[in-house]
Amino acid sequence: MRTTLIVIFFMIVLMSCNMQNSNLPVVKNEPLVPFAPPVSFEEAVRRADSIVKSMTIDERINMIGGHNFFFISGCEKANLPRLYLSDATQGVHLRKDLDAQLEKSVAMPCPIMLTSTWNRKLAAQYAKSVGEECRAGDIAVLLGPGMNIYRISQNGRNFEYFGEDPFLASRMIENYVVGVQSTGTIATLKHFLCNNTDHRRRTSNSIVSDRALHEIYLPAFKAGVDAGAMAVMTSYNQINGEWAAQSEFAVSKLLRSDLGFKWLVMSDWWSVWNPEKAMKSGLDLDMPGEGDLKWSLFEKFGDSFLRSNAARLLKEGKVTEDDINRMATHIIAAELAMQLDKRPVKDESYLKNFKQHEDVALQTAREGIVLLKNSNNILPLNKPEMKILVTGYFADARMSGGGSADVEGYNWLSIVAGLRNRFGEQVSFNQNPTDVEIKSADVVILSLGTQDSEGWDKSFNLPDEMNNRVNEIATINPKLVVVINSGSGINMTSWNDKAAAILHCWYPGQLGNKALAEILAGDVNPSGKLPITIEKKFEDSPGYPYLPAGETEKGDWDIDATMTFPIYDINYKEGVFVGYRWYESKNIEPLYPFGYGLSYTTFGYSDLKLSDKELKKGETLKVKFVLENTGKVAGAEIAQLYIQDEQASVDRPLKELKNFIKVDLKPGEKVLVELEISEEDLSFYDEKSSKWVAEPGKFNVLIGSSSKDILLKDSFDFND
Ligand code: BGC
């Protein structure tokens, strides 16, 4: 009798909890609406085709190579304007040596920082801002977003990309593409494909399995293609033995046939080695082509420009008029679809939106800074009168990734300036403080990091001098806050325990250090989470070793310009085990796991429920759980959903990210999160059948606040 009563009591409690949960506000992700150009692809191709037929062969050949570094030729009789293409990944890169397009452009946080926000809508706003600046500057084609997966922390261009996980990168990129193109600017997905290192990027050969291509390196491009991107740029490297720009496998098979890309494919700058192969590969546009601006470093490519070779190849019967027509048609179709024949690219009315773009840049930095450590809640620094000593390597510098992605920006705030604006007289800045100054400060902010760039890779290890500095200061004053600026993870292992707090601030753009000051002060609660794993040592990484025998990272452009090197193979031997997929399957403890980041509040996860215990082909399963802000301040949590296949006929990662949501919550606020899973989320790429396959069996749903911190778990069966 007593037992029955107890059971009834618990059932009532459970039912009332369930009822309470069902009354909670439901939060879910909105589906993405892909970009549809004003003129459909079919119509644009039909019209482009008839324009091409009306052009002389010389006019058509003139279209297939770029002009003067950054232009596509116009065609007067078809009313096609000459088009300006511009970089790209941290905002609009100004080239004052070309036609003056813009006086200034907003230096946005770098894309890996945008990815750290895990905020899909922000990705669209960020990209819309960049697209509007393109319109203001007469730029028809943005040479971004870049989306090469973070395979190794040493890649000098990681800052330009979207981290290590294909799912997270895909969701951010699809929003990015829609954001840029909604302004009438064409987005270019780059660099296709497997350009995951910049060490000798022109003479490296990425050897990658079909499965890794499809599961790791292609999904972000697929997301961009599905979102409606109208241009793709190939990469410098070879893929399985052929340079990307002339690889039929990469361009025709993977990109056009497997991913279904229909629009314009251009080469990266000076990367066609064999014009005949390039014209047969499916490529449409050879960049930069001949021009008034000469860059002697790349004279070698003067011999292989498509425009200067096409007539000869045609005469020799090595290429056909159809090849040339196809290329010109794709270029013109993209222009017609965006109605570039009907309206000017330049629209100065967008200049008035620059203030909004600054706000988006600031918000991206606020949400993209990742708080890695906060011992004894040393942060926020909210006691009045605190003496804040700022020191270190980049405290007074403009930290931005280098190369074509660099954006000068304006009204740039250094760390010192950002902190002074917020904390006023409390801040003192000294590059070489005495021990007494260090000791007497209430808190020491130490800036360190790396100045990454396109063109070369950098070491995962910081210079000894920087590492020693952390240890020296921490010994004198343990109230040490380390502020990192870098495009990747860095080796913090020797001092991670010594620093009281650590913030990863990437390259935060012109207003990023305002966001840093707001976070340090507690005006803004940090919510960024790592889109990468930070390893303890580079030797732990899936991509280690990769440099040719006897070579080290070079750190200058010479390595990029030297074409006489023998080709070196980079064997992607880890297959699909990239990032957390690698560290988890190899049981290697990273320093900071993928998806990790601290907040000034705490979050509770409870009541995981699946809509069914079984998922059938073609159906979706709803995953619901309660998320609550259990702390004292408002904050945003990024809840992550991972899928684990209990048993498979191939080796699969222990878990894979298949959904996430970012939710703003006031203290004590509770919501019911609703996410979905479908067959696609359970699938792997089967090399035997060249198809995605979901095998029947048991799958686990893991909900967590990072890849390591899994808080809820349930399972279901998949039956086909
Ligand atoms: C880079 C591309 C860039 C192009 C034009 C190349 O060196 O790899 O990302 O878009 O230059 O600047």
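All values below were derived from every heavy atom in this structure, side-chain atoms included, with hydrogens, water molecules and symmetry-related copies excluded. Both ligands and their constituent atoms are indexed starting at 1 by order of listing.
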key: Asp457-Tyr546 side chain donor-acceptor pair, cut-off 3.5 Å   = yes

task = Decide if atom NZ of Lys458 counts as having more than 12 heavy atoms of other residues, nucleotides or ligands within a radius under 6.0 Å.
result = yes

ask   = How are the rings of Tyr176 and Phe162 set to each other: parallel, tilted or perpendicular (split at 30° and 60°)?
value = perpendicular

message = If the condition is side-chain contact (heavy atoms from CB on, under 4.5 Å), which residues does Phe41 pass it with, not counting sequence neighbours?
response = Val45, Lys262, Trp263

remark   = Chain-and-number sorted residues having a heavy-atom contact under 4.0 Å with ligand 1 are Phe70, Asp87, Arg95, Leu143, Arg157, Lys190, His191, Arg201, Met233, Tyr236, Asp268, Trp269, Ser404, Glu454

ask   = Does a donor on one side chain sit under 3.5 Å from an acceptor on the other, for Glu551 and Tyr568?
value = no

task = Tell me yes or no: between the side chains of Ser204 and Asn237, is some donor less than 3.5 Å from an acceptor?
result = no

